[in-house]
Amino acid sequence: MKTIFKHIKGDRTIWAIIAVLAIFSFMPVYSASTNLVYVVGNGSTLGHLVKHIVLLILGFAIIYGVHKVPYRYFSGGSVLMLPVVVILLIFTLAQGTTIGGANASRWIRIGGIGFQTSTLAGLVLMVYVARYFAKNKEKTINFKESLLKLWTPVAIVLLLILPANFSTTAIIFVMVLMVNFIGGYPAKYIGFILGAGIVLLSLFVLIAKAFPDAMPNRVQTWQSRIESFSDGEGKEAYQVEKAKIAIATGGIFGVGPGKSVQKNFLPQSTSDFIFAIIVEEYGLIGGFVIVSIYFLLLFRIFVVIRKTTTIFGMLLVLGVGIPIIFQASINMAVATNLFPVTGQTLPLISSGGTSIWMTCFALGMILSVSASVEETEEDILDDNPLNILHETID
C-alpha cells in the first residue's frame with residue numbers, strides 16, 4: 001500500500017473523493033441501465049456496468065498520467081491544442097453522428113466510442129484563458145489587444161459549440177467570465193463582453209429561425225425545453241415528472257439499491273437523470289451525501305488555490321475545477337425541477353466516456369498543481385509552446 005501511495009502525488013483528499021464517487025457509481029449505473037436493456041433493447045445490465053468500470057479505469061489512468069506532468073506544460077500546451085480543438089469542432093459540426101438518438105452534431109466516433117468534442121474544447125479554452133491572465137498580470141489590460149488575443153479564440157470556440165450544445169456553451173462562457181473577473185479584467189469590459197454575447201446569441205436565434213434547414217431543430221429544442229420547464233408539457237416535462245416521482249418515492253431512506261421503479265420509465269436514467277435514481281434508491285440521505293461530497297471537492301479545490309504559488313496555477317485550478325461543481329449542480333437541479341433540461345451529466349457518476357475522461361483530465365491538472373509547490377511564474381511563462389512540443393517528442 002505504501003508503494004502505491006508513494007507514486008500518488010497531490011491532494012490526498014481529492015484522490016479519496018474521486019475514488020468514492022467512482023466506486024459509488026457502480027450500483028446506480030448497473031441499476032439504471034435496465035432502462036437501456038429492457039426498454040431501448042441495448043445490451044445487458046452487466047455489459048453496461050463493465051463498460052462503465054472500464055471507462056473509469058481509463059479515467060483513473062488519465063488522472064495518474066496527467067497529475068505526473070508538471071503543470072507548467074499545460075500553459076504552452078493550450079496554445080498548441082487550441083487550433084486542434086477548432087478543427088475538431090468544425091469536423092464535428094460537418095459530420096457529427098447520432099448517439100442513442102441524441103443530437104447529430106455533438107459527437108464524432110473514435111475507435112467505436114462516441115467523443116463529444118465540446119468538452120475537450122471547453123477544457124483547453126479554460127487553460128488558455130488562465131495562461132492569458134498569468135502572462136498579463138503585471139500589465140494594464142488593453143481592451144483592443146484583449147479582443148484579438150483573448151476574446152477572438154473564445155468567440156470562435158463558443159460559436160462552433162453553440163449550434164449543437166447551448167448548455168455547454170453557456171457554462172463555458174460563464175466560467176470564462178468568472179476567470180476574467182478573478183484575473184483582474186476590468187468590470188466595465190466584462191459587462192461589454194456579456195452584452196456582446198447576448199447580442200450574438202440573439203442574432204444566432206434569429207438566423208436559425210429564418211433559415212431552419214441550416215440548423216434543424218436546435219432553436220426549437222431550446223425553446224421547447226424552456227416552455228416545458230415553464231408549462232409542464234412535452235417530452236422534457238415527462239422526464240422531469242418521472243424524476244420527481246422517483247425522488248418522492250425515495251423518501252428519507254430510499255427503496256433500496258437496485259429497487260428503483262422509475263428507472264424503467266425515465267429516459268437517460270444512467271446519465272442526465274441518474275441523481276433521481278440515486279435519491280429513489282438511497283433516499284434523501286443518499287442524495288445529501290452525494291451533494292456533500294461535491295461540496296467537499298469544491299472546498300478542496302479552494303484549498304489547492306490557496307496553496308498555489310502562481311497566478312497561472314490558481315486560475316488553472318479555478319477554470320477547470322469550478323465547472324465540475326457547476327455541472328454537478330446543474331444536473332441535480334434538473335432532476336429536482338429547479339432548472340430546464342440541459343443534458344449535463346453528473347461528474348464521475350453518470351455513464352459516458354467523454355464526460356468521465358474530460359472530468360478526469362481536469363482533476364489530473366488540479367492534482368498536478370497541488371503536487372507542484374516549487375513552480376514559479378517565470379518557469380511557466382517562459383515555456384515556449386514549440387519547446388514543449390520538442391521536449392514531448394524527445
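Since we're looking at a predicted model, the values are computed, not measured. Note: hydrogens, waters and symmetry copies are ignored here, and every other heavy atom, side chains too, is used.
- The local environment of CZ in F299 is sparse, with at most 12 non-hydrogen atoms from other residues, nucleotides or ligands closer than 6.0 Å.
- D272 and N331 make their closest contact through O-ND2, 2.9 Å (heavy atoms, listed as atom of the first residue, atom of the second, distance).
- Hydrophobic clustering, with ILVMFWY side chains joined whenever heavy atoms are under 4.5 angstrom apart, groups F295 together with L348.
- Side-chain N/O atoms of S351 and H48 include no donor and acceptor closer than 3.5 Å.
- In this structure, CD1 on I325 lies 7.0 Å from OG on S329, to the nearest 0.5 angstrom.
- Using a 4.5 Å cut-off between side-chain heavy atoms of Ile, Leu, Val, Met, Phe, Trp and Tyr, with links allowed through other members, V334 and V291 fall into the same hydrophobic cluster.
- The side-chain heavy atoms of L49 and T45, taken from C-beta on, include no pair separated by under 4.5 Å.
- Atom CG of L125 sits about 12.0 Å away from atom CE of M81, to the nearest 0.5 Å.
- Using a 4.5 Å cut-off between side-chain heavy atoms of Ile, Leu, Val, Met, Phe, Trp and Tyr, with links allowed through other members, V157 and L194 fall into the same hydrophobic cluster.
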Could you walk me through whether I301 and L318 pass the side chain to side chain contact (heavy atoms under 4.5 Å, CB included) test, one step at a time? CA-CA 8 Å; I301 286 171; L318 188 75; 6.0 Å; no

Report the C-alpha distance between Y71 and V66 in whole Å, list the side-chain angles of each, state the deciding distance to 0.1 Å, and finish with yes or no for side chain to side chain contact (heavy atoms under 4.5 Å, CB included). CA-CA 9 Å; Y71 75 89; V66 172; over 6 Å; no

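- Put simply, the side chain of N180 reaches to within 4.5 Å of the side chain of L150, judged on heavy atoms.
- Exactly one residue among L177, V154, V176 makes a side-chain contact (heavy atoms from CB on, under 4.5 Å) with I193. That residue is L177.
- Between F275 and I349, the closest side-chain pair of non-hydrogen atoms is not below 4.5 Å.
- Distance CG/L201 to CG/L158: 11.0 Å, rounded to 0.5 Å.
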How far apart are the C-alpha atoms of Y294 and L346, what are their side-chain angles, what is the distance that settles it, and do they pass the side chain to side chain contact (heavy atoms under 4.5 Å, CB included) test? CA-CA 10 Å; Y294 283 116; L346 195 57; 3.5 Å; yes

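- Residues V84 and L159 are members of separate hydrophobic clusters, defined by side-chain heavy-atom contacts under 4.5 angstrom among Ile, Leu, Val, Met, Phe, Trp and Tyr.
- Between Y185 and F143, the ring planes lie tilted relative to each other; the angle falls in the 30° to 60° range.
- S25 and H52 make their closest contact through OG-NE2, 2.8 Å (heavy atoms, listed as atom of the first residue, atom of the second, distance).
- Using cut-offs of 30° and 60° for the angle between ring planes, the F24 and Y282 rings count as tilted.
- Between V50 and Y30, the closest side-chain pair of non-hydrogen atoms is not below 4.5 Å.
- Between T345 and S355, the shortest heavy-atom contact is OG1-OG, 2.7 Å.
- Residues P153 and Y128 have side chains in contact (heavy-atom distance under 4.5 Å, counting atoms from C-beta outward).
- Remark: L203 CG is packed, more than 12 non-hydrogen atoms of other residues, nucleotides or ligands lying under 6.0 Å away.
- Counting heavy atoms from C-beta on, the side chains of L89 and I161 come closer than 4.5 Å.
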Residues F312, V369; criterion side chain to side chain contact (heavy atoms under 4.5 Å, CB included); working and verdict: CA-CA 10 Å; F312 175 70; V369 174; over 6 Å; no

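- W357 has its side chain out of reach of L120: every pair of non-hydrogen atoms, C-beta onward, lies at least 4.5 Å apart.
- Taking the side chain as every heavy atom from C-beta outward, I18 and F60 approach each other to under 4.5 Å.
- At distances below 3.5 Å, not a single donor-acceptor pair connects side-chain atoms of E281 with backbone N or O atoms of G254.
- Side-chain contact annotation: Q344 with S167, donor-acceptor N/O pair under 3.5 Å present.
- Within the 3.5 Å criterion, the main-chain N or O of V124 finds no donor-acceptor partner in the side chain of S78.
- Here CD of Q116 is found 9.5 Å from OG1 of T92. Values are rounded to the nearest 0.5 Å.
- Defined by atom type and a distance below 3.5 Å, a donor-acceptor pair is missing between the side-chain atoms of S260 and S31.
- For the pair S370 (side chain) and D11 (backbone), a donor-acceptor distance under 3.5 Å is present.
- What you find for R131 and S75 is that their closest heavy atoms are NH1-OG, 2.7 Å.
- Of all non-hydrogen atoms in K9 and A371, the two that sit nearest each other are CB-CB, 3.6 Å.
- Between S368 and P70, the closest heavy-atom pair is OG-C, 3.8 Å.
- A chain of hydrophobic side-chain contacts below 4.5 Å, direct or via other Ile, Leu, Val, Met, Phe, Trp or Tyr residues, connects I324 to L58.
- Atoms CD1 and CZ, on I172 and F326 in that order, are 11.5 Å from each other to the nearest 0.5 Å.
- E280 places no side-chain N or O within 3.5 Å of a backbone atom of V255 that could act as its donor or acceptor partner.
- Between atom OG1 of residue T308 and atom CG of residue L316 there is a gap of 8.5 Å, rounded to the nearest 0.5 Å.
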